[in-house]
Protein chains: 2
Amino acid sequence: MARRTHRVTISDVAARAGVSPATVSRALTGSRPMSPELAERVRTAAQELGYRVNLLGRALRQQRSSVMGLVVPDLDNPFFASLAEHLSRVVETSDIELLVASAGDSVETERRMISSFLDRQVDSLVVIPCDEVQSQGGLEEATDHAVTVQLDRRVLETGAYYVGCDNRYGMSLVAGHVRDDVDAEAQPVVFVGAEPRSSSAHERLEEFRRQFPGSRVLLGTFDVRWGQQAADRLLDAGMTRGTLVAAADIIALGLLSRLQARGHRVPDDFRVIGFDGVGVTRLAHPELTTVRQPVEEMSRRILELVGDLPVDGAEQEIRIRPTLVLGPSSPPAARSGRRS
Amino acid sequence: MARRTHRVTISDVAARAGVSPATVSRALTGSRPMSPELAERVRTAAQELGYRVNLLGRALRQQRSSVMGLVVPDLDNPFFASLAEHLSRVVETSDIELLVASAGDSVETERRMISSFLDRQVDSLVVIPCDEVQSQGGLEEATDHAVTVQLDRRVLETGAYYVGCDNRYGMSLVAGHVRDDVDAEAQPVVFVGAEPRSSSAHERLEEFRRQFPGSRVLLGTFDVRWGQQAADRLLDAGMTRGTLVAAADIIALGLLSRLQARGHRVPDDFRVIGFDGVGVTRLAHPELTTVRQPVEEMSRRILELVGDLPVDGAEQEIRIRPTLVLGPSSPPAARSGRRS
DNA sequence: CTGAAAGCGCTAACAA
DNA sequence: TTGTTAGCGCTTTCAG
C-alpha cells in the first residue's frame, strides 16, 4: 500500500515541461488548438510525473461536475438494480458519469442522499422515489438545483421530469390476456399488489380494479417475502386454483415459490402473471407471463433530458408503453382452453 | 423546473449575518467553539438564503472528499447488487458516503471507473474486480492513490487489501454435506462452475476438485443462463439424476429452472447446491442449500480498514468463514436416506 | 472568540 | 499559439 507522498499538480507538470499551467491544461484537455510538439512535451512530462487531473478542481472552476446521480430505493430489489445497470450502460456512451446511491428503503436516507448529491454539485439527478408522498420534499429540493428526473415512480407536484412506463396500459394488456385466455370461473382472478405508496403500485392497482371490479385484492410490499405470504394466505383460505396477477415480478416470484412448495401446479392450478420483465426475475420457473418495461428506451430518454442540448419544451412526463410477454406461467389459450 | 439563478455562497451568508466567511464555516460545521448567539444568527441567515455547502470546495480545501467508491462488475448480478446494498447500509453509520459505479462487465470500463473515482479524489475505493488478471492494472493504480480494498475477488500482487469469504472452506462444507447426506452412487456429483477468471471461481473450483477428484466439471459464467445451458447439456447427455454443485446461487437458479422445466424433480432426481446465500436468490424454489457469505461482517471489516483510525498493521487479506445453510434443494440425510 | 488572508487545483478571460 | 491573472467555494492558519 505505497501511497504517493506528494500530489502532482498541473503546476508541477508545467514546471517540468517548461510551460505555463494554462498550457498544460489545454494540452491535456485539447480545449484549444496548440502546437503538436508542445502538446507532446506536456503529455510526456505529465506521464513521467504520474500526473492525474483533480476533477474537484476542474468542477469547481467549470461550475459543472459531469456527474449524474442516481438514487434507488434498494439495490436488493433486482428491478431497481437492473434499472441502475441499464442507465449506467446508456450513460456510458456520453461524457457524463453515473454514480449510484441506495436509499436503503428509507425516506430519510433518500433525502440525505439527494442532498449530498446536490452538495457535490451533480449536474443531474435521477431518483426512483421511495414514497409517493414523503419523497416530495427531497425532489423539490433537487429540482431547484439540478436537472431532476423521477424514474419509474411519480411523485406529484415536484417540478421534476418523469420517465416511466405506462402502467395502466401494461395492466390493461394483462387484463386482455386474462380475458382472452383464462376461464375466469374455473380460475378466479386475484391481484397481489403493493400498498400504493408509489405511483407504480397505485396505477397498476387502479387499472386492475377498473378491469376486474369486485375481484379480490391483496396488498403488501414489493418483495419476494410478501409474495410468499400472500400465497400462504390464499392457500390457507382454501383456494385451490386461480389466476394471480402480481404487481411485480418479484412478488410473482414469491407466489411461485410458495405455490409450488405447497404442491400446486403452475399454470394448471394457478396461473401467475408478473410485471417488469427485467433482470434476474425473468428466469423464474416456470417463466413468467409478464409486462416488460422498456428500460432501454427509458434510459435513453433520461440521457436526452439531461443532455447538453437542453431539450426545449421537453414534456414533463414521458410514459413509454410496455409490452406483454407470454410465458408458461400463464400461457395463451391454445394450451389452457377458452371459455366460449 | 425553476432553477435557482445565483448560487448562494458562504460569503453571501457572511454578509447577511454581518460576520466573516470563516465564522460562517465554523458556525455551520461546528469545527470551533463560538458564541451560541452568533452561531444562531449565522444559521438563520443561511436558512433564509437557502445556502447549501459546496462539497467540491470543501473537499478541495480539506484534501479529502469523505467518499468511498465502489466498483462492481455488474448490478444485474444480484450477489453484487446485494453486496453494494449491504456495504451501503454499513457505511451509512459513518460520516463517509458510498457511491457505486458499475463496470458493465467490462475490464475497460472498470478501469475507467476506477480512474475516474481516483480523479474525483475518493478517500477509499472498494473494487469487486472483473478479472483475476486484467483487473490488476487498475487496482495497482488505485492502490497508489487511495486506500483500496478488493472485495470478494482477489487479484494477486496489487498491494490492495482483500476482504472476502473463505471459499475453499465453504466448498469443503458442501463436500461434507454431500458425503454425509447423499448417496453418491445413486446421484453422481457434478460441479457447475465458472471459468476461473476470478479468485472466487478459482478457489471454489479447486476445492471441489480436491474434494471430488474425478468428478465431472462444467465451466461457464456467473449467470442464470449458463446454469440453464449446463442443465440442458447434462440432460441431453442422458443424465437422469445427480447432485449438482453450483459455484454460485445464480447458476443454481438456472439449473433449477431448466431441470424443473424438463420435468425433473428436485431434490428427488437432482439435488442442487448453491453458493453465496445472499439477495433475492435465497428465495428460489425449492429453497437452496447454499453457502452463506458473511456479507454483513465483510462490510464492517471494510469500513474498519478505511476508518479514520488507520488500522495499524492490518492484515492485507481478511477471509471470513461462511456457513452452510441447508434447504430442500439438497436436504440432510433424514429425508433422503444415507448410504450406509 | 472572531477576522483577514491565503490557497487547495483547475481553467477561462484577457493580453501578448 | 502561449502566458498571466484571477477566482470557482471552501477552510485553516495566523493575528488580534
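Throughout, protein chains are lettered first and strands after them, A, B, ... in sequence-line order, and every chain is numbered starting at 1.
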Subject >> A/Arg197 atom CZ, neighbour heavy-atom count above 12 within 6.0 Å >> reply: no

Subject >> Reported CD-to-OG1 distance for the pair A/Glu140 and A/Thr158, which is rounded to 0.5 angstrom >> reply: 7.0 Å

Subject >> Residue among A/Leu98, A/Leu99, A/Val100 satisfying side chain to side chain contact (heavy atoms under 4.5 Å, CB included) with A/Ser88 >> reply: A/Leu98

Subject >> Summary of protein contacts for nucleotides 7-13 of chain C, nucleotide by nucleotide, where a base hit scores B, a sugar-phosphate-only hit scores S (4.0 Å, heavy atoms) >> reply: BBBBBBB

**OP:** Inspect the contact between B/Arg154 and B/Glu132 and indicate whether a charged nitrogen and a carboxylate oxygen are less than 4.0 angstrom apart.
**Re:** no

Subject >> Residues forming a salt bridge (charged side-chain N to carboxylate O under 4.0 Å, His left out) with A/Arg16, sequence neighbours excluded >> reply: A/Glu48

Subject >> Distance-only polar pair, side chains of B/Ser102 and A/Glu85, donor-acceptor under 3.5 Å >> reply: yes

Original post:
What is the 5' to 3' range of DNA chain D, first to last nucleotide, that sits under 4.0 Å from any heavy atom of chain B?
Top reply: D/dG9 to D/dT13

**OP:** Locate the shortest heavy-atom distance separating A/Gln150 from A/Ala160; write the atom from each residue and the value.
**Re:** NE2-CB, 3.7 Å

